[in-house]
Enquirer: 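Quick one: the structure is below, questions incoming.
Every heavy atom of this structure was used, including side-chain atoms; hydrogens, water molecules and symmetry mates were not.
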Amino acid sequence: QVQLVESGGGSVQSGGSLRLSCAASGSTYSPYCMGWFRQAPGKEREGVAVITSDGRTKYRDSVKGRFTISQDNAKNTLSLQMNSLQPGDTAMYYCAAGPAGYRSWWSLLLPSAYNYWGQGTQVTVSS
């Protein structure tokens, strides 16, 4: 069993920055991929940024150049630096961990590819 705890959400004005963190504990397995997802009210959960165990990253188009995902394996933490935030980024943000086995590149931003989820942290961007 893996426990994921997010932190760092909050309220900012358009153009501002936030840094989300996710602390992982409870299992010794090494996930093939970890990622950040978000869900706005009335919308489906969507992939924002993911990172594989060999350090490859993938972003949804709308956040490319603004968000940066990183991981610290020694500290079992996953981070998401979010710059130039826009009102459209407002959502609950979730950290997720995938299985130990390989996942295809095209599937990495799909929520269905992930086994474990945190409780989420709210990000609100005002104009």
Side-chain angles (χ1 to χ4, degrees):
Q1 190 72 11
V2 176
Q3 290 80 45
L4 302 172
V5 179
E6 303 95 336
S7 61
S11 297
V12 297
Q13 291 190 330
S14 183
S17 297
L18 284 172
R19 185 176 180 86
L20 305 183
S21 294
C22 173
S25 62
S27 176
T28 58
Y29 97 106
S30 296
Y32 175 75
C33 51
M34 293 191 70
W36 289 96
F37 294 75
R38 67 187 182 189
Q39 188 167 17
K43 295 188 177 182
E44 292 188 354
R45 191 169 297 189
E46 61 185 22
V48 175
V50 301
I51 187 166
T52 63
S53 57
D54 58 356
R56 294 182 296 159
T57 58
K58 187 174 186 179
Y59 299 89
R60 71 179 301 104
D61 288 345
S62 62
V63 308
K64 286 180 181 178
R66 300 189 297 122
F67 291 11
T68 302
I69 189 171
S70 60
Q71 61 184 6
D72 184 332
N73 292 327
K75 297 181 179 179
N76 290 330
T77 59
L78 182 74
S79 299
L80 184 68
Q81 178 66 42
M82 305 186 295
N83 298 327
S84 302
L85 283 161
Q86 304 166 358
D89 296 317
T90 295
M92 185 72 79
Y93 282 70
Y94 298 91
C95 172
Y102 170 79
R103 281 289 182 267
S104 60
W105 183 254
W106 69 267
S107 72
L108 289 180
L109 285 174
L110 298 179
S112 59
Y114 293 78
N115 297 52
Y116 302 101
W117 295 87
Q119 293 299 307
T121 185
Q122 178 68 36
V123 172
T124 302
V125 184
S126 58
S127 58

Enquirer: Treating T90 as the side-chain partner and V125 as the backbone partner, does any N or O pair qualify as donor plus acceptor under 3.5 Å?
Expert: yes

Enquirer: Set out, in order, the CA-CA distance, both residues' side-chain angles and the distance that settles side-chain contact (heavy atoms from CB on, under 4.5 Å) for V2 and W117, then state yes or no.
Expert: CA-CA 9 Å; V2 176; W117 295 87; over 6 Å; no

Enquirer: Start with the C-alpha gap between Y116 and Q1, add the side-chain angles, then the distance that decides, and say whether side-chain contact (heavy atoms from CB on, under 4.5 Å) holds.
Expert: CA-CA 8 Å; Y116 302 101; Q1 190 72 11; 4.2 Å; yes

Enquirer: Minimum heavy-atom separation for M34 to C95, with atom names?
Expert: CE-SG, 4.1 Å

Enquirer: Test side-chain contact (heavy atoms from CB on, under 4.5 Å) on I69 and W36 and set out the steps.
Expert: CA-CA 8 Å; I69 189 171; W36 289 96; 3.7 Å; yes

Enquirer: Shortest non-hydrogen contact from R19 to S70?
Expert: NH2-OG, 3.9 Å

Enquirer: With a 4.5 Å cut-off on side-chain heavy-atom distances among I, L, V, M, F, W and Y, is there a chain of contacts connecting I51 to L108?
Expert: no

Enquirer: Just so I know, are the side chains of Q71 and T77 near enough to count as touching, which here means a heavy-atom distance under 4.5 Å?
Expert: no

Enquirer: At what distance, to the nearest 0.5 angstrom, does CD of Q86 lie from CD of Q13?
Expert: 14.5 Å

Enquirer: Under a plain distance cut-off of 3.5 Å, with no hydrogens placed, do Y32 and R103 share a side-chain donor-acceptor pair?
Expert: no

Enquirer: Does Q119 CD have over 12 foreign heavy atoms under 6.0 Å away?
Expert: no

Enquirer: Decide whether a cation-pi geometry holds between R45 and Y94; the criteria are a distance under 6.0 Å from NZ or CZ to the six-membered ring centre and an angle within 45° of the ring axis.
Expert: yes

Enquirer: For the pair T121 (side chain) and G9 (backbone), establish whether a donor and an acceptor sit closer than 3.5 Å, ignoring hydrogens and angles.
Expert: yes

Enquirer: Output the distance between atom NZ (K64) and atom OG1 (T57), rounded to the nearest 0.5 Å.
Expert: 9.5 Å

Enquirer: Kindly give the heavy-atom pair with the smallest separation between M92 and Q122, and that separation in Å.
Expert: SD-N, 3.5 Å

Enquirer: For the residue pair Y114 and F37, does the interplanar ring angle fall in the parallel (under 30°), tilted (30 to 60°) or perpendicular (over 60°) class?
Expert: perpendicular

Enquirer: As an exercise, state the distance from OH of Y93 to CD of E6, rounded to the nearest 0.5 Å.
Expert: 12.5 Å

